[in-house]
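Note sheet for the following structure.
Whatever order the structure lists them in is the order used to number ligands and atoms, beginning at 1. What you see below is based on every heavy atom in this structure, not just the backbone, and it leaves out hydrogens, waters and symmetry mates.
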Amino acid sequence: MEMNRRQFLTYLGTGTAALASLATGIPAFAAEKTLSGKTADHLFGMDEDKHKPSKVKFKPIQATDKDDLVLPQGYKYDIIASYGDKINTKGDTFGFNNDFTCFLPIEESSEHGLLWVNHEYLGELEYYVTGYDALNADPENNTRTAAQIEKYLYALGGSVIEIKKENGKWRLVSDSKYGRRVSGLTRHTLTGPAAGSSAVNGAREVVGTFANCSGGVTLWNTILSCEENFDSVVADTKLKDATHYGWVVEVDPFDPNSVPKKHTALGRFSHENTAMTIAPGGQLVVYMGDDANDQYVYKYVSRGTYNKAAGKANAKLLEEGTLYVANFSKGKWIALDYAKNETLQKAVDADKKPLFTSQADVLVNCREAAKAVGATPMDRPEDLEVHPIDGSVFISLTNNSKHGNFYGQIVRLFEKDNNHAAEEFMFEIFATGGPQSGFAAPDNLAFDSAGNLWVVTDISSSSMNSGIYKSFGNNGMFFIPTSGPDRGIASQFASAPIGAEMTGPWFTPDEKTLFLSVQHPGENLETYAAPTSHWPKGGMSIALPSVVAITGF
Ligand code: FEO
Ligand code: CA
Ligand code: CA
């Protein structure tokens, strides 16, 4: 059924004033706002009065190819941790290619706390970690030694570091009792429907986490770390069972002895991040993207409801619930529920063998399940974040050259009746990448409390500063208001060193510090003898992935 305008507004739970205004032709919204506004809030019944129009508070920088982390006048960065830094008295060291960051205050301070940091991959920079010449190696002939593989796996996963701001400068506490590595060598438990099932070859415990891209925080102060491109790590490190990877991992940074959990109910794919919120009915909802060409947008809705007083026991909510995948052409969330979905029960492979025989099979093979039920293939869904004021869900679609989408866009999804557990939604294109907007390939998103969007970009290091990407310079960070006269307009706040991507933006609660990862500086080099980036140490040093704290807000 095609919806007409009236049905559309009713669907969205828009107030009767808007309906009356359609009947009379008199707009219910303020006179200066037009139906062809830059965003569709007026169509979706969003109360703009709740938003304070935001203005850009910094002098935007220009795109540049400078080998530095460039910031607007009045802002500075402190290096908090670089690859190899000591993080505790045991001598554990900070991992490689830092990505997601999440600040967890100690005693509610915005100047002292724990920082969780993901460590994603090594790529051609592996040479600096294990000594293996990944630039010139024959991909068909993996000659990594056992010692090199151990170093490889140790460098990935995540770090818990304790950090402090003293005398105006952020620093790492290198002898912290909290300092901890969770790595490709750490023991994990599986939870949820796939734990112990034949789909994971009976495993209830698995070794290691890696390919940790972005993530999220839970409502009970633990972190969720997302395993993204695990396949290449499995191959490089000669691991046997790929079904142990591709999950969302929960870690409690405040308990150094806790065993991290991989929550199978949230599905297995190339997880980018998680955005957790609560539905009006109290269920926990987790939005997730699968970052690959033609992959899907998911959400998980818990069976039970959130109870603040239960604290960490709420983690059980991540073990039982419904995993949905999005069909954008119908505006519907489709439940990937084997027991109820005949399409999943009847799906067969090329040899006419059933694709799935259980819910565990569906969760382990999410991509096949999503495809079987007709989910919409997307253009690399990376971060999803929930708007802190109006509850709409922002989705970064990085790009998809197969679709001629080279610059990406940010989609904004509106759940029916603003209910995060709803099974129907609508959406708009909030902002589009391209020379006209100044940004390309949006990746991680963060909101400040005023509802402004902060976006980092991920132009691949092989395309950066050349061809159709030349005008964008190095990767950047952009500020995009979601209300007021500048809404939807991107202003550049930061530019990354050569070859790098900035990831994991995270604000302290007082919003005076922004943490950011500078990942893979110096990537896309031709020979190790001539590094392309020397950030952050300068001179002829090799580049070091590092986490920074930006102040000046
Ligand atoms: Fe690891 Fe999707 O970026
Ligand atoms: Ca990413
Ligand atoms: Ca990325």
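- As for Glu382, its N/O/S atom nearest the Ca ion (ligand 2) is the one called OE1.
- At least one N, O or S atom of Glu272 sits under 3.0 Å from the Ca ion (ligand 2).
- Rounding to 10 degrees, one finds that atom 2 (Fe) of ligand 1 sits at the corner of an angle of 120° between Asp291 OD2 and Glu272 OE1.
- Judged by distance alone, with hydrogens and angles left aside, the side-chain atoms of Thr482 form a donor-acceptor pair with the main-chain N or O of Gly451 at under 3.5 Å.
- Within the coordination shell of atom 1 (Fe) of ligand 1, defined by N, O or S atoms under 2.8 Å, Glu228 is present.
- Separation of atoms CG (Leu516) and CD1 (Ile550) is listed at 4.5 Å; rounding is to 0.5 Å.
- Among the backbone and side-chain atoms of Asp443, an N/O/S atom is found under 3.0 Å from the Ca ion (ligand 2).
- Remark: aromatic rings of Phe425 and Phe328 are close, center separation under 6.0 Å.
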From CA spacing to verdict: side-chain hydrogen bond (donor to acceptor under 3.5 Å, both in side chains), His534, Ser541
CA-CA 5 Å; His534 306 283; Ser541 64; 4.8 Å; no
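- Angle SG (Cys213) to atom 1 (Fe) of ligand 1 to OE2 (Glu120): 90°, rounded to 10°.
- In this structure Asn474 satisfies the side chain to side chain donor-acceptor pair (under 3.5 Å) test together with Asn465, sequence neighbours excluded.
- In terms of modelled atom types and a separation under 3.5 Å, the side chain of Asn524 and the main chain of Gly499 share no donor-acceptor contact.
- Atom OE1 is the N, O or S atom of Glu382 at the shortest distance from atom 2 (Fe) of ligand 1.
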